[in-house]
Structure formats: structure tokens, C-alpha cells
Amino acid sequence: MTKHNKHYHDKGRNGWTPTNTWQDEVIEDKDNKWSGGEIDYSKDKTPNYYIGRVYGYEARKVVEDFDLSYNIGTATTYLLRAKRKHSTSVDCIQKAINHLEFELDKIKNEKTNL
């Protein structure tokens, strides 16, 4: 049997299963979460530029599901939000490159310390 990540079935701690799906939220868009409206951070701690428009995947959950290292995960989130957070994606792409270079340095240092 295949072992899945703890978030595979997206259930809560006590086996709670959501009554509606992400499609219901996208269609209803009650709190403007998907349309770029204002976000109430007391309710929703994830900004809309970290949430995919079609399937509703959150960048942090993608990183967690793939069990990425800090630098690779951070680079991934910068790339996922690149076109959505700022008017130009240059800053986010440069930050992602920096984190990938940090990861390469870490790997090279591990090899030399063996």
C-alpha cells in the first residue's frame, strides 16, 4: 500500500473532512479570496498571491508535500508568486536564484566536509 503524506486526504486532526471543496469556494468567492480582493488576515493567513488560481493549491503545501529543503522551498514559493505579487517578477526571480545559489553552496560545503 502506498504511504501518503499526512495532508494527502486533507483531513483535520480528528478526521474532520471539509463539507465543501475548493471548487465551491472558487465559484462562490464569498470573501474575495480568489479575485484579488482584500484579505482579512485574522481569518486567512495566506495571501492570495500564494494560492493557485485554478486548483487552489497553496505554495507552502506544495513545498511541504515534496519535502523540499528550506532554500529550495523558498525559491519555489518565490517563483510561484513571481507574476502575482509585484508589477514585475524580476525581484522574486532574483530572490529565488539567490536561494538556489545558497543551496548549491550548502551542497558543495557538505561534499568538502566529508
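Throughout, numbering of the chain's residues begins at 1 and tracks the sequence. What's counted below: heavy atoms across the whole structure, side chains too, no hydrogens, waters or symmetry copies.
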Any side-chain heavy-atom pair from [X] and [Y] closer than 4.5 angstrom?
X: Tyr50; Y: Glu58; value: no
X: Thr77; Y: Arg60; value: no
X: Glu110; Y: Asn113; value: no

Check your understanding: If only atom types and distance count, is the side chain of Arg81 paired as donor or acceptor with the main-chain N or O of Ile51 below 3.5 Å?
Key ->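 It does not hold such a pair.
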Review point. Got more than 12 heavy atoms from elsewhere within 6.0 Å of CG, Asn109?
Key: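 Atom CG in Asn109 is crowded, with more than 12 foreign heavy atoms closer than 6.0 Å.
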Exercise for review: Taking all heavy atoms of Leu80 and all of Ala59, pick out the closest pair and write down the distance.
Suggested key: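 Distance-wise, the nearest heavy atoms are CD1-CB, 3.8 Å.
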**Study point:** Over all atoms of both residues, closest heavy-atom pair of Ser89 and Ala82
**Key:**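 For Ser89 versus Ala82, the nearest heavy atoms are CB-O, 3.3 Å.
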Practice item. Could you check whether the rings of Tyr78 and His99 sit parallel, tilted or perpendicular, using 30° and 60° as the cut-offs? Key: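 Tyr78 and His99: tilted rings.
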What distance do [X] atom [atom1] and [Y] atom [atom2] have between them, rounded to the nearest 0.5 Å?
X: Leu100; Y: Asp105; atom1: CG; atom2: CG; result: 11.0 Å
X: Ile107; Y: Phe102; atom1: CD1; atom2: CZ; result: 14.0 Å
X: Lys85; Y: Cys92; atom1: NZ; atom2: SG; result: 6.5 Å
X: Asn71; Y: Thr76; atom1: CG; atom2: OG1; result: 10.5 Å
X: Asp65; Y: Lys61; atom1: CG; atom2: NZ; result: 10.5 Å

Point to revise | Ile72 with Phe66, same ILVMFWY side-chain cluster at under 4.5 Å | key: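 Yes, it is one cluster - the side chains of Ile72 and Phe66 are joined through contacts under 4.5 Å.
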**Study point:** Path from Leu79 to Tyr49 over hydrophobic side-chain contacts below 4.5 Å
**Key:**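 The answer is no; the residues belong to distinct hydrophobic clusters.
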